[in-house]
Amino acid sequence: MSKGKDFIKQEILKYEHVPFNTYEESFASYKRFIGDAAKKHNLTCKQVNGKKFSYLLAGGKQVGKFTGLKPSSTGSIAFQICSDKFRLENFLRIMQLPVLTSQNIFEKSHAYELINNDHSHNYVLKPVGLAGGDGIELNIDSANFSEAWDNSIKIQKEKNVAQPSCIVQPYINGFDIRISIIEGRFVSALLRLPPNIVGDGEQSIEALIGQKNKIRAMTPYFRNKLIPIDLKLQKRLAEDGLDIDSVPEKGEVLILNDISNLTLGGDSIDVTDEVSDDIKQAALEATAAIPELYSAGVDMMSEDFRNGGGQILEINTNANYTMHHVPLKGEPKYPFDILVQSILIKYKTGNGLSLTEEETKILKEITRFNTLKSKKMTSIFELTNI
């Protein structure tokens, strides 16, 4: 067992006795959260039927706009950079931010040569343009490479990717952390643990999964994010001499999938008050470094998210902040509320309207971020020799 998996299992046990959160039936849609936030700040949220547009109005005047999950402060340049994982990584590296060293490879033989010639660590295969964990293969070496590559390419073809390829990058044992930055302010941090069960010495693996899925299904947001009992899981269990009828010992942690993705049955736990300052700062600087980006969900991998730093994996311009509103465990946070409030503050400032004392404090934070962003924009020219 790897050191990293030991850490993850310890973290799973730490939160095992923390109660699952429960939410009212309507807590599933980001539109609900935006609408509630608008009411809180005396705004009207007008959603266009059949369109992705939502407008924030004050006295009939437009204060702000969303295109799906994306606020109007996010520009097309930010979307273009962040939508391509490989392009984003290269950009962040140029901007001297912590990322992995990866290659975007189209040919299977080329990828195999890279992995076979370096046995110092294992690798990850990651599609360039897919989301939700689709096509990602972890902990790859020369022995399991061929099957993993074929699986990833197959999924990409099924998803109609025009030119299937994989980012090949070093595999890091660590914790998957989502940091939400709202208009230049750190707002929340979510720990995403891989799908797991903890044995009680009495129930089978199948029963334990069913028990956990029943709890997840009680919350609309997790209702379609259940732990699957499929051939992939059965194969994984068989490698450890187990099957779905096996009974894990009391306190024994079984990790059912190495990908810490909520859609695959992963756990989400709020760690806003625990995450390190280094991780917060890296997420802020990464957001500041991307032109036309002020709000984002920054995905990072960290071996020690409480005391150390981490590597930036992705920056999401269409970040689903809903996951912070409805964590499986831990105190909910409210990024959509803060986003609507920030949009209103910017509108008031731009139109010479007075701010409350609280809004003035928030404006100071927004201004500090804008200063950081200006410095980052200047450094783009210096670092790229434009």
Side-chain angles (χ1 to χ4, degrees), residues 28-41 43-58 61-85 87-89 91-92 128-134 178-190 221 261-263 283-300 312-326 333-347 350 362 366 369-370 373 376-377:
S29 170
Y30 71 89
K31 293 182 179 179
R32 158 72 187 271
F33 294 121
I34 293 175
D36 285 352
K39 290 179 183 177
K40 181 178 178 180
H41 296 286
L43 300 174
T44 300
C45 182
K46 181 181 179 182
Q47 296 168 350
V48 181
N49 291 333
K51 303 287 185 179
K52 291 184 177 181
F53 301 132
S54 300
Y55 296 95
L56 297 176
L57 305 174
K61 295 183 179 180
Q62 182 176 320
V63 172
K65 175 185 174 182
F66 288 89
T67 303
L69 292 160
K70 186 173 63 178
S72 55
S73 60
T74 301
S76 60
I77 295 176
F79 178 77
Q80 290 172 17
I81 293 174
C82 296
S83 62
D84 185 320
K85 296 180 178 71
R87 178 186 294 168
L88 173 65
E89 181 188 300
F91 180 85
L92 293 178
V128 173
L130 297 184
D134 286 342
R178 162 63 67 88
I179 304 293
S180 282
I181 303 297
I182 301 296
E183 297 303 294
R185 301 163 60 204
F186 165 75
V187 169
S188 50
L190 200 74
Y221 181 70
N261 196 291
L262 303 188
T263 60
L284 278 167
E285 292 198 11
T287 305
I290 305 293
E292 300 182 348
L293 187 65
Y294 298 84
S295 296
V298 182
D299 292 335
M300 300 183 68
I312 299 167
L313 302 180
E314 294 184 35
I315 297 179
N316 301 274
T317 58
N318 293 313
N320 187 357
Y321 303 118
T322 300
M323 67 176 70
H324 297 280
H325 288 250
V326 289
K333 300 297 185 293
Y334 306 102
F336 281 119
D337 186 357
I338 295 171
L339 180 53
V340 168
Q341 182 185 35
S342 299
I343 290 171
L344 177 59
I345 291 170
K346 285 187 169 185
Y347 172 80
I362 293 171
I366 293 173
F369 177 80
N370 289 339
K373 195 168 193 69
K376 292 291 183 182
M377 294 304 99

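Values reported hereafter were calculated over all heavy atoms of this structure, with side chains retained and with hydrogens, waters and symmetry mates removed. This one's a predicted model, so the numbers in the text were calculated from it and none came from an experiment.
- Residue I315 holds its CD1 atom at 9.5 Å from CE of M300, rounded to the nearest 0.5 Å.
- Legend: residues meeting salt bridge (Lys or Arg N to Asp or Glu O under 4.0 Å) with E89, ordered by chain and number and at least two apart, are R93.
- With sequence neighbours excluded, no residue forms a side chain to side chain donor-acceptor pair (under 3.5 Å) with K85.
- Checked options F33, F336, Y30; the residue passing with Y321 is F336 (criterion: ring pair (Phe, Tyr, Trp, His ring centres under 6.0 Å)).
- For residues 179-190, the set of pairs meeting the salt bridge (Lys or Arg N to Asp or Glu O under 4.0 Å) definition, not counting sequence neighbours, comprises E183-K346, R185-E365.
- Annotation: side chain to side chain donor-acceptor pair (under 3.5 Å) contacts of S342 (sequence neighbours excluded): none.
- With sequence neighbours excluded, the residues satisfying side chain to side chain donor-acceptor pair (under 3.5 Å) with K376 are E285.
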Cut-off 3.5 Å, no hydrogens considered: what does the side-chain donor-acceptor table look like for residues 76-84, sequence neighbours left out?
{"residue": "S83", "atom": "OG", "partner": "F79", "partner atom": "O", "Å": "2.9"}
{"residue": "S83", "atom": "OG", "partner": "Q80", "partner atom": "O", "Å": "3.4"}
{"residue": "D84", "atom": "OD1", "partner": "F86", "partner atom": "N", "Å": "3.0"}
{"residue": "D84", "atom": "OD1", "partner": "R87", "partner atom": "N", "Å": "3.0"}

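- For K39, there are no side-chain contact (heavy atoms from CB on, under 4.5 Å) partners two or more places apart in sequence or in a different chain.
- Here the OH-CG distance, from Y221 to L262, works out to 5.5 Å after rounding to the nearest 0.5 Å.
- Judged as a side chain to side chain donor-acceptor pair (under 3.5 Å), and not counting sequence neighbours, the contacts of D337 are K40, H41.
- To the nearest 0.5 Å, the span separating NZ on K65 from NZ on K46 amounts to 12.5 Å.
- A donor-acceptor distance shorter than 3.5 angstrom exists from the side chain of K373 to the backbone of A288, with no hydrogens or angles considered.
- A search for ring pair (Phe, Tyr, Trp, His ring centres under 6.0 Å) contacts involving F66 returns nothing, not counting sequence neighbours.
- The two residues A37 and V340 make their nearest non-hydrogen contact at CB-CG2, 3.7 Å.
- Every residue meeting the side-chain contact (heavy atoms from CB on, under 4.5 Å) condition with L284, not counting sequence neighbours, appears here in chain and number order: I181, Q281, F369.
- Under the rule for a side-chain contact (heavy atoms from CB on, under 4.5 Å), the partners of N316 that lie at least two apart in sequence or sit in another chain are R178, D299, E314, A319.
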side-chain contact (heavy atoms from CB on, under 4.5 Å) between V187 and L339, worked out: CA-CA 10 Å; V187 169; L339 180 53; over 6 Å; no
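- Between the NZ atom in K333 and the CG atom in L190 there is a gap of 9.5 Å [rounded to 0.5 Å].
- By the 4.5 Å heavy-atom criterion applied to side chains, L57 and Q62 are counted as neighbours.
- Under the side-chain contact (heavy atoms from CB on, under 4.5 Å) criterion, V63 pairs with L43, L56, A58, I343, L344, Y347, sequence neighbours left out.
- Note: F53 CZ to S72 OG = 11.5 Å, rounded to the nearest 0.5 Å.
- With rounding to the nearest 0.5 angstrom, the CD1 atom of I338 is 7.0 Å from the CD1 atom of I182.
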